[in-house]
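Working notes, structure below.
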Number of protein chains: 2
Amino acid sequence: MGGIADVAKRAGVSKATASRALTGAGYVSPTTRQKVVSAARELGYVASTSAVSLATGRTRNVGVIMPYVNRWFFAEVLEGIQRSLLERDLDLTLYDAKPGTVGRQRIFDDYLARKRFDGLIAVGLEPADHEIERMHAIDRPVVMIVGDEGTTCTVGIDDDHAVRRATEHLIGLGHTDIAFLGGGGADWAMVDRRRLSGYEAAMAEAGLADRAQHVQSEVTLPGGYAAAADLLGDTRRPTAVVGVCDEVAIGAMIAARRLGIRVPSELSVVGIDDHEFAEMFSLTTLEQIPREQGSAAVDLLLQQIAQPDRPPVDVRLKARLVVRASTAPPDTRA
Amino acid sequence: MGGIADVAKRAGVSKATASRALTGAGYVSPTTRQKVVSAARELGYVASTSAVSLATGRTRNVGVIMPYVNRWFFAEVLEGIQRSLLERDLDLTLYDAKPGTVGRQRIFDDYLARKRFDGLIAVGLEPADHEIERMHAIDRPVVMIVGDEGTTCTVGIDDDHAVRRATEHLIGLGHTDIAFLGGGGADWAMVDRRRLSGYEAAMAEAGLADRAQHVQSEVTLPGGYAAAADLLGDTRRPTAVVGVCDEVAIGAMIAARRLGIRVPSELSVVGIDDHEFAEMFSLTTLEQIPREQGSAAVDLLLQQIAQPDRPPVDVRLKARLVVRASTAPPDTRA
């Protein structure tokens, strides 16, 4: 195995250029980079990254902390982040911080403090106050996806806008008995509370405040199914449902089918997400694109790393209404 | 911020012990570790991990490479791996290597060679020959999940056993027109080919070789839906379907409902996975537990790291038949 000098010689560049090309610390043209990488490959040379990290003070690694990786939104965001980092030759260290677990406590108490990253992206984390303190204590830029505006950059959709569009779409079709399905309980996420508030505001503005109804459910497809099965089993059921997200909305559609309730003629359902299953279920929804949020978070983070004193930025994306076949005017025969 | 000597003094232990407790390099009792960690926290002391890594020759990091993170199996495996690593104070670097992408090529050509990990877990990777060469060239232990037996340790279910149990369950109910749904095309994964072979063998052993039918589909829920909609629209449709996995099987169930075909009286469906949606759809399936596979892979990898000369081990788990309401004897009224 050759050293960096051999690589530089073979590629016909200086040692400094060869080092930059291999470590990614500093600009090298794509052509030169390719020459150096080929030479290194031919010689079996690999830079020792631990040494590189100490020399440059940069780990070339981004930490990603999220409470779940096995839910659609989180997995899609992760893909977006990963893809963006890969384009820039940066590594991704994943921290899976499920709420209320010992693992999460250790991540905040020990892992973050090791600073094995140049910056951190926190996705849907809902940090407690002492966790926010820990995140600030590490003295590295942080970008939050689905987080509240505050002292860090944030990326997310405008939840109030999205749920209002969903609710107003149903009101516009003539519905007045519209239930909001999902969220509640001890783990009730801020984003889900915000969506409930937006629904309530839209109902109130249409003079339907006293018709507003929140049906609690776990924010998953099976959770939406179970809660909707209860709700729709009642003869005084609503004519329309706003799901806190598509998974809950699709759960409600499956429950309706099981009960022999036709969608959309007897029940309209609208979600928020444009989940990968939305089209198959012909679900009307507000489209958000989590991969783009992941990629936007990487952009923001790299800007913060380059200029730590930049004031924090909030990126709020507007979700787009996608009308499919799960919504229609209420059945007036009843 | 204090130094390691201050931390050791405050915790009442030696510098070496304090260092072991904070870096995880070497044994320290839980009580001592807690004392040192508390002292470090009070003093705001954080070990420099780059320095630690050079000193010990260990990165305390495990690389995980997988083609998708947003599919149920992969996300669940990732959770299992993450949880196991967290218990052992190890970091996880994620490489998302979608087949046929430039990103994947860079991971194999550049990222792996940087050796920023003590070992690698490859999940459902189906590496090409030159990719296998690269993986061996890094000279770090590798464990494959859903990989073929060979020169590395592997973890996975016994696919032949699982699909035979699924097919034999239907044959036992009296079905003879049983289609196999899923897989095929350019991206046809080895695991899905193996499952088709097992189905064909089970059909042949029951004297039904000429009734065997493979219907190609993308291995996703929408893919299963689309292919099943075609298959079931035909009047000479089969009376039962084996899905290559639960997502495909559930797609087939949704397609059947859309076409007014009752499950299970007019169509039996069986899957492989016990996906999080399987219970909601009352799907009969062969249960595998991907989190346990992730955790088993971590155990194997750590053994390989400790004893690099250990011969490779194959862990083949047997999936368990879970009978729900999607399978029944064929409708004999027809």
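Interatomic distance, A/I107 CD1 to B/L86 CG, rounded to the nearest 0.5 Å: 5.0 Å. Rounding to the nearest 0.5 angstrom, the gap separating the CG atom in B/L92 from the OH atom in A/Y95 is 9.5 Å. The distance from atom CZ of A/R116 to atom CZ of B/R116, rounded to the nearest 0.5 Å, is 8.5 Å. Atom CG of B/D91 and atom CZ of A/R114 lie 6.5 Å apart (nearest 0.5 Å).
The side-chain heavy atoms of B/L221 and A/E276, taken from C-beta on, include no pair separated by under 4.5 Å.
Considering only residues two or more places apart in sequence or on other chains, A/H130 meets the side chain to side chain donor-acceptor pair (under 3.5 Å) condition with none of them. Taking the side chain to side chain donor-acceptor pair (under 3.5 Å) definition, one finds that A/Q82 meets it with nothing, sequence neighbours left out.
Contact tally against chain B (heavy-atom pairs below 4.5 Å) for A/I138, A/N61, A/T93, A/V64: the top residue is A/T93. Of the listed residues A/A137, A/A255, A/G251, A/G103, the one with more heavy-atom pairs under 4.5 angstrom with chain B than any other is A/G103.
Listed in order of number, the residues of residues 72-81 of chain B that approach chain A to under 4.5 Å between heavy atoms are B/A75, B/E76, B/L78, B/E79. Along residues 222-232 of chain A, the residues that come nearer than 4.5 angstrom to chain B, judged on non-hydrogen atoms, are A/P222, A/Y225 in order of number.
Of the two parts of A/R71, neither the backbone nor the side chain holds a non-hydrogen atom closer than 4.5 Å to a non-hydrogen atom of chain B. Neither the backbone nor the side chain of B/E279 has a heavy atom closer than 4.5 Å to any heavy atom of chain A. In this structure, the portion of B/L85 lying under 4.5 Å from any heavy atom of chain A is its backbone and not its side chain. Heavy atoms closer than 4.5 Å to chain B are found nowhere in A/I250, neither backbone nor side chain.
Smallest separation of non-hydrogen atoms from A/I254 and B/F281: CD1-CZ, 3.4 Å.
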